[in-house]
Participant: 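Handing you this structure, nothing more for now.
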Amino acid sequence: MTRAWSALTGHPAAVAPLLLGAVLTHRTADGAVGVRITEVEAYGGVGEDPGSHAFRGRTPRTEVMFGPPGRLYVYFTYGMHWCANVVCGPPGSASAVLLRAGEVVEGRDLAAARRPTARRDGDLARGPARLTAGLGVTGDHNGIHLDDPTGDLWLDLDESRTGVVRQDVVRSGPRVGVSGPGGDAATFPWRFWLDGDPTVSVYRAAAPRRRTARTAPSRGQSLP
DNA sequence: GCTGCGATTGACT
DNA sequence: GTCAATCGCAGCT
């Protein structure tokens with residue numbers, strides 16, 4: 001079958017695997033970087049998926065998720081990282097697919113310049129925040145349409161250009177880093193990746209709770 | 001208005 | 001293997 005935007009409107013867990021192999025291209029004055037998607041995660045809508053930002057309803061941040069499919073939802077996390085999602089549900093459903101990792105297929109040098117800490121080409125877009133960094137995607141791109149081949153950001157779904165993904169290499173499993181109320185969200189097998197691809201991110205189970213980073217000023221601290 | 005913490009990464013032991 | 005960085009959002013007072 002041929003991937004098309006019309007086929008990418010539906011339940012995120014059904015849409016997510018269809019995005020594997022698609023190529024997201026970002027064009028800037030510096031040049032273009034293209035990333036072939038190798039790993040994704042599905043996030044459901046209001047009241048359905050505790051791991052989703054939209055679980056508790058519409059907020060200013062999640063506004064884009066509630067809009068029409070085919071747009072990019074970009075959010076800021078950990079005070080320094082951007083993560084990119086493709087909105088896939090019909091308006092109001094707030095479903096999206098997180099782009100977790102990919103392979104740089106165009107503009108390797110530009111991507112490497114944006115990711116100076118990457119040691120290998122395979123690390124240029126391995127991980128959700130690395131993928132956005134390599135592409136040069138930030139919050140400025142939140143809400144942008146991805147279905148315009150002439151736009152700054154374009155998600156190419158045409159298998160005659162991106163290559164056909166063999167379904168027997170598509171794997172699924174628990175999502176990464178998700179620990180919603182009750183922890184149930186992490187158990188949804190809504191993570192999809194291309195088996196054996198070196199750009200797929202390392203699986204780490206969601207940490208229950210990291211030790212408080214900030215050590216409170218010790219009460220018994222001695223003064224000089 | 002205040003506070004806790006996160007769909008992460010890179011540096012360090 | 002452990003842990004800090006860093007800030008906007010969401011929930012609560």
Side-chain angles (χ1 to χ4, degrees), chain A residues 12-13 15-17 19-20 24 35 37-66 71-89 94-102 111-120 122-143 172-193 199-217:
Chain A
V15 171
L19 291 176
L20 294 173
L24 180 61
V35 170
I37 306 303
T38 59
E39 182 184 357
V40 295
E41 275 178 10
Y43 284 87
V46 179
E48 177 194 19
D49 176 8
S52 171
H53 288 171
F55 178 66
R56 296 174 197 282
R58 199 171 192 141
T59 68
R61 177 171 65 149
T62 59
E63 186 66 28
V64 171
M65 290 182 77
F66 286 80
R71 294 208 211 176
L72 196 67
Y73 165 53
V74 185
Y75 68 88
F76 191 58
T77 190
Y78 287 92
M80 63 191 95
H81 300 304
W82 296 101
C83 295
N85 303 248
V86 176
V87 178
C88 64
S95 300
V97 176
L98 170 69
L99 306 180
R100 283 201 58 88
R114 289 170 174 155
R115 294 261 306 110
T117 59
R119 304 197 146 186
R120 301 172 303 156
D123 290 340
L124 290 173
R126 188 176 69 144
R130 292 166 170 174
L131 183 145
T132 57
L135 278 170
V137 166
T138 69
D140 291 342
H141 301 97
N142 190 37
S172 66
R175 291 179 297 186
V176 178
V178 176
S179 57
D184 291 343
T187 67
F188 291 146
W190 285 359
R191 172 178 172 248
F192 301 87
W193 69 94
T199 64
V200 171
S201 65
V202 182
Y203 174 74
R204 285 192 234 179
R209 177 93 44 101
R210 196 178 292 101
R211 187 167 296 140
T212 48
R214 218 171 278 111
T215 50

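Per chain, numbering begins at 1; letters A, B, ... match sequence-line order.
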Participant: Please report the shortest heavy-atom distance between Trp193(A) and Gly173(A), naming the atom on each side.
Facilitator: CZ3-N, 3.4 Å
Participant: Let's see if you can work this out: which of dT8(B), dA10(C), dA7(B) has an atom nearest to the side-chain heavy atoms of Ala129(A)?
Facilitator: dT8(B)
Participant: Please report the distance, rounded to the nearest Å, between CD in Glu63(A) and P in dA10(C).
Facilitator: 11 Å
Participant: What's the closest nucleotide to the side chain of Arg61(A) if the choices are dG6(B), dC9(C), dA7(B)?
Facilitator: dC9(C)
Participant: Expressed in angstrom and rounded to an integer, what is the separation of Met65(A) atom CE from dA7(B) atom P?
Facilitator: 12 Å
Participant: Counting only side-chain nitrogens and oxygens, does Arg126(A) get under 4.0 Å of the OP1 or OP2 atom of dT9(B)?
Facilitator: no
Participant: Please convert DNA chain C into dot-bracket. A pair counts if it is Watson-Crick or G-U wobble with both distances under 3.5 Å; crossing pairs go in [ ] and bases paired with another strand get |.
Facilitator: |||||.||||||.
Participant: Find the distance Leu124(A):CG to dT9(B):C1' and express it as a whole number of Å.
Facilitator: 15 Å
Participant: Within this structure, what is the CE-CG distance for the pair Met65(A) and Asn85(A), rounded to the nearest 0.5 Å?
Facilitator: 6.0 Å
Participant: Would you compute the distance between atom OH of Tyr73(A) and atom CG of Leu98(A) and round it to the nearest 0.5 angstrom?
Facilitator: 10.0 Å
Participant: Report the C-alpha distance between Leu20(A) and Val40(A) in whole Å, list the side-chain angles of each, state the deciding distance to 0.1 Å, and finish with yes or no for side chain to side chain contact (heavy atoms under 4.5 Å, CB included).
Facilitator: CA-CA 7 Å; Leu20(A) 294 173; Val40(A) 295; 4.1 Å; yes
Participant: For dA7(B), does either OP1 or OP2 sit under 4.0 Å from a side-chain N or O belonging to Thr77(A)?
Facilitator: no
Participant: Salt-bridged, Glu41(A) to Arg175(A), with N to O below 4.0 Å?
Facilitator: no
Participant: So, does Arg119(A) get its side chain near the phosphate of dG10(B), meaning an N or O under 4.0 Å from OP1 or OP2?
Facilitator: no
Participant: Using atom CZ of Phe55(A) as one end and atom P of dA10(C) as the other, report the distance to the nearest whole Å.
Facilitator: 14 Å
Participant: Could you state the atom-to-atom distance from CE of Met80(A) to P of dT8(B) in whole Å?
Facilitator: 12 Å
Participant: Indicate, with a heavy-atom threshold strictly under 4.0 Å, whether Arg115(A) touches base, sugar-phosphate, or nothing.
Facilitator: sugar-phosphate
Participant: I need the CD-P distance between Glu41(A) and dA7(B), as an integer number of Å.
Facilitator: 10 Å
Participant: Using 30° and 60° as the class boundaries, would you call the ring planes of Trp82(A) and Phe76(A) parallel, tilted or perpendicular?
Facilitator: tilted
Participant: For the backbone of Asp123(A) and the side chain of Arg115(A), can you confirm whether one donor and one acceptor N or O come within less than 3.5 Å of each other?
Facilitator: yes
Participant: Taking donor-acceptor contacts at under 3.5 Å, does the side chain of Tyr75(A) reach the base of dA7(B)?
Facilitator: yes
Participant: Measure the shortest side-chain to side-chain distance between Phe188(A) and Ser172(A) over non-hydrogen atoms and say whether it is less than 4.5 angstrom.
Facilitator: no
Participant: Out of dT8(B), dC7(C), dA11(B), which nucleotide sits closest to the side chain of Pro128(A)?
Facilitator: dT8(B)
Participant: Taking CG from Asn142(A) and P from dC9(C), how many angstroms apart are they, rounded to a whole number?
Facilitator: 10 Å
Participant: Rounded to the Å, how far apart are His53(A) NE2 and dG8(C) P?
Facilitator: 15 Å
Participant: Taking the same atom, C1', in dC3(C) and in dC5(B), what whole-Å distance lies between them?
Facilitator: 16 Å
Participant: Taking only the side-chain heavy atoms of Tyr43(A) (C-beta and beyond), determine which of dA7(B), dG6(B), dG10(B) contains the nearest atom.
Facilitator: dA7(B)
